[in-house]
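This report refers to the structure that appears directly beneath it.
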Amino acid sequence: MRNLNFFMMAFLVLTIFSCKKAYAPDAAADSTEIAVTTTDLVEEENYIPDTNTESYAGLEENPFESPLKAPLSTFSIDVDNASYTNIRRFINEGQKVPKDAVRVEEMINFFKYKYPQPDGEHPFSINTEYSDCPWNKSSRLLKIGLQGKDVPMENLPATNLVFLVDVSGSMDEPNKLPLLKESMKILVKELRSTDRVSIVVYAGSAGVVLEPTSGDDKAEIMDAFDDLHAGGSTAGGEGIELAYKLAQENFIKGGNNRVVIATDGDFNVGASSDDDMLKLIEQKRESGVFLTVLGFGMGNYKDSKMEILADKGNGNYAYIDNIQEANRFLGKEFKGSMFAIAKDVKIQIEFNPNHVQAYRLVGYENRKLNAEDFKNDKIDAGELGSGHSVTALYEVIPTGVESDYVPSDLKYTKTQKVSGNHSDELATVKFRYKKPDGNKSNEIINVIADKKTDLKNSSPDFKFTTAVSWFGLKLRDSKYIANSSSSEIKSLAKLGLSNDEEGYRSEFIRLVDAVN
């Protein structure tokens with residue numbers, strides 16, 4: 001028995017030593033290189049990766065609310081579009097889209113809309129449109145759109161960017177670290193001499209591989225990315241701590257200070273649970289450093305963790321499924337992605353019960369706020385980037401209309417008409433926002449008239465936004481749509497094909513075609 005225990009312990013020591021050796025960086029390698037591959041651990045022909053570990057936060061669809069029982073609907077804006085590119089990846093690969101991977105607001109906000117630039121003191125314009133709902137004939141849709149001010153590049157503040165790059169073993173795939181490095185080079189091309197770049201990496205531990213470097217030194221920055229290789233476990237929490245520490249040490253007062261995390265989200269060492277990540281990033285948010293989260297890869301993709309980081313870290317979140325998407329988000333939309341013009345942007349709407357018997361916010365399930373949060377400047381909300389637009393849809397059931405989604409024959413709740421001079425108002429919508437370096441909110445109030453346009457006469461943007469929402473609800477197998485016809489979704493989207501210089505709307509129609 002004693003001999004057996006000795007051999008078992010010897011085998012265990014040899015196993016640990018072998019794994020440790022496989023994951024350890026080469027001591028003779030350049031200090032910017034973490035060089036290991038996951039295939040060191042197993043015979044290549046016997047290695048079968050786990051393809052079933054992607055994770056998405058569960059979402060419960062927003063229900064219909066009565067303006068009498070729930071007079072206020074409050075939510076934070078969301079400019080993320082990771083859900084759309086992730087859905088595109090599933091459809092293009094012929095896979096079924098996981099229900100919880102579908103966030104309708106992120107699908108809507110992937111696309112650009114022709115909203116006018118703001119012409120007043122506020123950093124965004126407000127645009128509304130009210131028309132018919134094609135998936136429920138008894139309903140209507142209210143579209144609310146914000147358009148951020150497009151600030152010329154030369155007028156944007158100096159930037160202090162800290163890239164936090166995941167070089168763990170799970171990133172050792174062509175659509176992960178290699179695509180990540182090519183994507184970062186697209187962003188680097190946009191940098192100016194006034195900008196500063198640092199690079200932090202994390203695998204089994206975290207380390208600085210590029211100290212703050214001028215945006216003019218593009219070759220040095222790109223070389224640092226080229227020297228990165230994948231291997232090891234994923235100490236994401238430690239990497240975040242170090243990246244924010246470096247960003248704070250080089251903080252530019254009045255500048256654009258931002259950490260850019262690039263990962264598949266597979267944290268498994270240290271602070272790694274969703275709750276751990278939430279607490280950590282909420283602490284870091286107070287530093288005044290903004291956050292961009294870039295997701296890569298598939299198979300073990302951890303969408304839930306990355307969404308939490310972006311939502312709670314004054315940030316935005318994109319999923320990079322190919323080099324074309326990298327070029328769109330990090331190149332063409334660099335200003336909107338990397339430069340905030342307003343933060344903690346909240347929307348609160350009050351519907352008039354004279355005209356509305358029920359309403360439902362389409363999407364934004366994980367962005368809803370309590371009514372009292374609207375005026376509480378301590379409550380975090382979304383940021384708006386230079387030139388960014390944000391769109392939200394409400395489904396509205398008018399008074400006097402029969403609908404399966406509205407409780408009937410209520411005994412104690414009676415409709416109360418609004419008296420006074422408000423009979424022609426559909427709703428009042430309020431907006432609050434802070435300046436990027438501010439702590440006090442500004443408020444805007446806008447009244448929406450009860451004036452509906454027939455769907456056929458609505459704007460092309462309204463038609464297209466509605467088609468995208470409809471498709472998202474279909475993918476989610478929503479219980480709130482009576483009609484889920486792909487052919488009708490496609491027909492409506494075709495009517496909204498204007499403003500499609502880059503072909504993204506046409507691509508959307510092809511995606512609809514690919515789903516039964």
Side-chain angles (χ1 to χ4, degrees), residues 74-82 105-106 109 123-124 146 148-149 151 156-164 200 236-237 239-263 265 274 276-295 305-318 329 333-347 364 366-369 373-374 376-388 390 431-442:
T74 311
F75 66 99
S76 159
I77 68 162
D78 189 356
V79 297
D80 298 342
N81 48 55
E105 73 279 5
E106 294 188 22
N109 287 314
F124 52 83
L146 305 183
K149 185 176 182 179
V151 182
L156 288 167
T159 296
N160 164 33
L161 280 182
V162 179
F163 292 105
L164 175 56
V200 173
I240 291 170
E241 293 276 9
L242 182 56
Y244 272 89
K245 179 175 182 290
L246 196 59
Q248 289 174 258
E249 289 173 350
N250 297 278
F251 194 89
I252 300 174
K253 191 172 182 180
N256 175 36
N257 300 278
R258 185 174 294 268
V259 168
V260 180
I261 300 178
T263 178
D274 287 0
D276 290 336
M277 290 286 110
L278 173 61
K279 291 173 184 175
L280 177 60
I281 212 65
E282 284 182 332
Q283 293 171 1
K284 299 305 176 186
R285 185 178 70 217
E286 302 304 318
S287 67
V289 176
F290 287 85
L291 178 67
T292 292
V293 181
L294 303 177
K305 285 187 171 63
M306 288 182 282
E307 191 193 5
I308 283 174
L309 291 175
D311 284 359
K312 301 302 181 182
N314 268 351
N316 51 39
Y317 167 35
F329 185 79
E333 298 186 10
F334 175 76
K335 291 191 300 180
S337 304
M338 297 294 152
F339 291 87
I341 59 172
K343 70 177 182 181
D344 293 341
V345 184
K346 305 171 188 174
I347 299 177
Y364 290 91
N366 58 3
R367 293 282 189 161
K368 291 178 71 176
L369 299 172
D373 293 340
F374 183 68
N376 186 347
D377 283 349
K378 294 181 180 179
I379 300 297
D380 177 60
E383 68 168 44
L384 186 67
S386 172
H388 253 157
V390 180
F431 307 85
R432 289 180 76 89
Y433 72 93
K434 298 173 188 170
K435 293 180 180 180
D437 57 353
N439 295 311
K440 184 175 176 58
S441 288
N442 301 288

Asn81 and Asn109: side chain donor to acceptor below 3.5 Å: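 Absent: no donor and acceptor within the cut-off.
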
Flag for Arg258-Thr292: side-chain donor and acceptor within less than 3.5 Å: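 The answer is yes; a qualifying pair exists.
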
May I ask you to say whether [X] pairs ionically with [Y], meaning some side-chain N is under 4.0 Å from a carboxylate O?
{"X": "Arg285", "Y": "Asp380", "result": "yes"}
{"X": "Glu249", "Y": "Lys245", "result": "yes"}
{"X": "Arg367", "Y": "Asp311", "result": "yes"}

Check [X] against [Y] and note the closest heavy-atom contact, atom names and distance.
{"X": "Ala340", "Y": "Pro436", "value": "O-CG, 3.3 Å"}
{"X": "Ala342", "Y": "Tyr433", "value": "CB-CD1, 4.1 Å"}
{"X": "Ser287", "Y": "Lys284", "value": "OG-O, 2.6 Å"}
{"X": "Lys346", "Y": "Ala381", "value": "CG-CB, 3.6 Å"}
{"X": "Ala310", "Y": "Asp80", "value": "CB-OD2, 4.4 Å"}

side-chain contact (heavy atoms from CB on, under 4.5 Å) assessment of Asp344 paired with Arg432: CA-CA 8 Å; Asp344 293 341; Arg432 289 180 76 89; over 6 Å; no

Parallel, tilted or perpendicular: ring planes of Tyr364 versus Phe75, cut at 30 and 60 degrees: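 Aromatic pair Tyr364/Phe75 classed tilted.
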
Heavy-atom check, side chain of Lys335 versus side chain of Leu156, under 4.5 Å: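 Contact flag for Lys335/Leu156 side chains = yes.
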
Any Met338 side-chain heavy atom under 4.5 Å of Val260 side chain: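 A side-chain contact under 4.5 Å exists here.
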
side-chain contact (heavy atoms from CB on, under 4.5 Å) between Val289 and Phe251, intermediate numbers included: CA-CA 8 Å; Val289 176; Phe251 194 89; 4.3 Å; yes

Working for side-chain contact (heavy atoms from CB on, under 4.5 Å), residues Leu309 and Tyr317: CA-CA 9 Å; Leu309 291 175; Tyr317 167 35; over 6 Å; no

Criterion side-chain contact (heavy atoms from CB on, under 4.5 Å) on Lys343 and Phe290, from CA distance to verdict: CA-CA 10 Å; Lys343 70 177 182 181; Phe290 287 85; 4.1 Å; yes

Flag if over 12 foreign heavy atoms under 6.0 Å of NZ, Lys312: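 Not buried by this count: 12 neighbours or fewer within 6.0 Å.
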
Passing option when Leu242 is tested against Val162, Leu164, Val200 for side chain to side chain contact (heavy atoms under 4.5 Å, CB included):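 For Leu242, the side chain to side chain contact (heavy atoms under 4.5 Å, CB included) check succeeds only for Val200.
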
